[in-house]
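Beneath this line is the structure, given in structure tokens, with notes to follow.
Chain identifiers are assigned alphabetically (A, B, ...) following the order of the sequence lines, protein sequences preceding nucleic acid strands; residue numbering begins at 1 within each chain. The basis for the numbers below is simple: all heavy atoms, side chains too, and nothing from hydrogens, waters or symmetry mates.
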There are 2 protein chains.
Amino acid sequence: MTFPVPTLPVPPVSVVGLGQLGGSLAAALAAAGRPVTGWDVDPAARDAAAARGVSITTVLTGVVVIAVPLPDLGSALAGLDLDPDATVTDVASIKGPVVAELTGVHGDRFVGGHPMCGTERSGYEATDPALFRGARWAVCLEPGTDLRRWLRVAEVAVAVGAEVVPVTAAEHDEAVAAVSAVPHLLAAALAAAAGQAGPLTLGMGAGSFTDGTRVIASDPAFVTALVTGNPATADALDRVRAQLDRPWAELVAAGHAVRTATRGRRPVRVPLDRAALLALGRAGGAVTRRLAAFVEGWVPDSPVARG
Amino acid sequence: MTFPVPTLPVPPVSVVGLGQLGGSLAAALAAAGRPVTGWDVDPAARDAAAARGVSITTVLTGVVVIAVPLPDLGSALAGLDLDPDATVTDVASIKGPVVAELTGVHGDRFVGGHPMCGTERSGYEATDPALFRGARWAVCLEPGTDLRRWLRVAEVAVAVGAEVVPVTAAEHDEAVAAVSAVPHLLAAALAAAAGQAGPLTLGMGAGSFTDGTRVIASDPAFVTALVTGNPATADALDRVRAQLDRPWAELVAAGHAVRTATRGRRPVRVPLDRAALLALGRAGGAVTRRLAAFVEGWVPDSPVARG
């Protein structure tokens, strides 16, 4: 049984930083017919966004998405005209330190976010309006987060095809250390060791080496910020090192079981409540749609292999 | 200035084991109009190969390619009718132990080989006649290797679009440990650690986690044999662990430099001489064509980044 759903108001979106993530987001919203403005210090990035239908302005209203490199987050809005009612979010790949810093600047108008997508390319030449389709987008629910603002940010993510994972900043960083920071370090170590072994070894590299080193083709400054800025990286790396101490046959079986586990999805409705939303994220689920009094989403329908 | 090149005799090829590698090889040779026969203990694999134009027979002549799983290598030809003049080769992913075992069985008729391709899929359903195109195919040149037989095996590899890397079995195993065995272990450790972290972490896995764990989707028995059977795996893993002890920014820069180094190719001609061929392999080069009195190939034309 379904009920008529009241149409929710759609806030405008202002994207600051029009590189791969910000440029793709602005282009995706423009393509969806949503009111979206953008700004970038680089005129070429502004021109590229304008060509995709994004209005270029320094006036920031609605949901303001800061999409600049990590070191520039704190100063990204300097000199721009920020509506005092705007909700501010970001797309940085670490959340604990960023949420602390930007909550210090913007108070409870800030809600941290992190779309789990992107490629080893970067910059406005790498924008792709389909980038977020099917991706997870973590949106941080801290004890002090304003749930209405959280929903506004979540709605933007859903509007471009992403699925929203409600998490605390600490949970986010622990998960991202394991699935992103550590893979980047392993890729770097694999490539560096092969480089030291010499030309014969590099010449023999095929599928598993190419796949295993792909992410370290990313901009080293970005990777270094991702790895060193995440407070959970060292522990996550230690956990992977500990796995490497297991007997190899046992390790191979455990890794294979996790990698090949098929997980179905069971639809759920979750009330607009911090604890319920965080429980959805902890169960491995995500929000796919916001309705007036609850959100729709899914959780995995089968036990998760535990390596 | 070019000279007329005498046409070289083309030996028939008999492939034993018609799974992903053997089935693809037989299909590729059949597609190229080469005389090729095949055998597999599985009638379904035989039928699939026959449908691709491969003659099914237990009579093995010319270049006999053993393409069965590692544990079955020694017994793969039992009960089959092996021409005493045939040259025998294999496609296994480890070479030191295999060359020792099969030289014990076949004497100097055996030449070890390893095409550096294949996917995480396996079995005859995964055959692909284009599998070898552009791939490196290591062919072992031991002190006792008969160079004429080596050239016959190399010619088969070149015929299906591969580039032949001349190596000793020990050099092969060291290189493959670094570019294949260790990537499989890292992928397993990454997946197993994420599995232990739980559903939220697995739910956040995106590009770098997916890429970094892809190879551990392969058949665990295959991976375990590859990792545990290679005498160089432990040292190669230690070298990657040592890289992980470097300061992260330095490690990221080193890995990035190796992964993104562009290496051009300079064409070379190499005499039919063991030392010259091995030097080509050590320089990171490969053989692309066999002529009567020499081979053609290439070496990298720029220094290799050394991580």
Side-chain angles (χ1 to χ4, degrees), chain A residues 116-117 136 165 171 175-176 178-180 183-184 186-197 199-206 208-209 211-217 220 223-224 227-228 239-240 243-244 248-249 251-256 258-260 281-284 300 304-307, chain B residues 116-117 136 165 171 175-176 178-180 183-184 186-197 199-206 208-209 211-217 220 223-224 227-228 239-240 243-244 248-249 251-256 258-260 281-284 300 304-307:
Chain A
M116 304 286 297
C117 54
R136 307 290 139 74
V165 182
E171 285 175 338
V176 167
V179 299
S180 179
H184 281 85
L186 296 184
L190 200 51
Q196 290 192 341
L200 171 62
T201 297
L202 285 174
M204 300 272 277
S208 58
F209 182 72
D211 283 349
T213 58
R214 179 169 297 118
V215 291
I216 202 60
V223 176
T224 299
V227 166
T228 61
R239 281 192 285 271
V240 169
Q243 291 288 336
L244 290 170
W248 290 341
L251 172 60
V252 165
H256 179 78
V258 172
R259 183 60 169 82
T260 57
R282 284 170 199 143
V304 172
R306 292 186 59 83
Chain B
M116 304 286 297
C117 54
R136 305 291 138 74
V165 182
E171 285 174 339
V176 166
V179 299
S180 179
H184 281 86
L186 297 183
L190 200 53
Q196 290 192 342
L200 171 62
T201 297
L202 285 174
M204 299 273 276
S208 58
F209 183 71
D211 283 349
T213 58
R214 180 169 295 118
V215 292
I216 202 60
V223 175
T224 299
V227 165
T228 61
R239 282 192 285 272
V240 169
Q243 292 288 336
L244 291 169
W248 290 341
L251 171 60
V252 165
H256 180 77
V258 172
R259 183 60 169 81
T260 57
R282 284 171 199 143
V304 172
R306 293 185 59 82

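Counting heavy-atom pairs closer than 4.5 Å to chain B, the top-ranked of the candidates L190(A), V240(A), T228(A), V227(A) is L190(A). Looking only at heavy-atom pairs under 4.5 Å with chain B, the residue among G212(A), G205(A), A253(A) that has the most is G205(A).
Take R136(B) and apply the salt bridge (charged side-chain N to carboxylate O under 4.0 Å, His left out) test, not counting sequence neighbours, and it matches E163(B). Remark: T213(B) pairs with R259(A) by the side-chain hydrogen bond (donor to acceptor under 3.5 Å, both in side chains) rule, at least two apart or across chains.
When all heavy atoms of Q243(A) and Q196(B) are compared, the closest pair comes out as NE2-OE1, 3.1 Å. Taking every heavy atom of both residues into account, L200(B) and G281(A) meet most closely at CD1-O, 3.3 Å. The minimum heavy-atom distance between G255(A) and A191(B), with the atom names listed, is O-CB, 3.6 Å. Taking both residues in full, the closest heavy atoms of A254(B) and A192(A) are given as CB-CB, 4.1 Å, listed atom of the first, atom of the second, then distance. What you find for A217(B) and T260(A) is that their closest heavy atoms are CA-CG2, 3.8 Å. When all heavy atoms of V252(B) and A188(A) are compared, the pair lying nearest together is CA-CB, 4.1 Å.
Expressed to the nearest 0.5 Å, how far CG of D211(A) lies from NE2 of H184(B) amounts to 9.5 Å. How far OG1 of T224(B) is from NE2 of H256(A): 10.0 Å, rounded to the nearest 0.5 Å. Rounding to the nearest 0.5 Å gives a distance of 11.5 Å between OG of S208(B) and CZ of R214(A).
Using a 4.5 Å cut-off between heavy atoms, A187(B) makes no contact with chain A at all.
Residues I216(B) and V258(A) fail the side-chain proximity criterion, which asks for heavy atoms closer than 4.5 Å.
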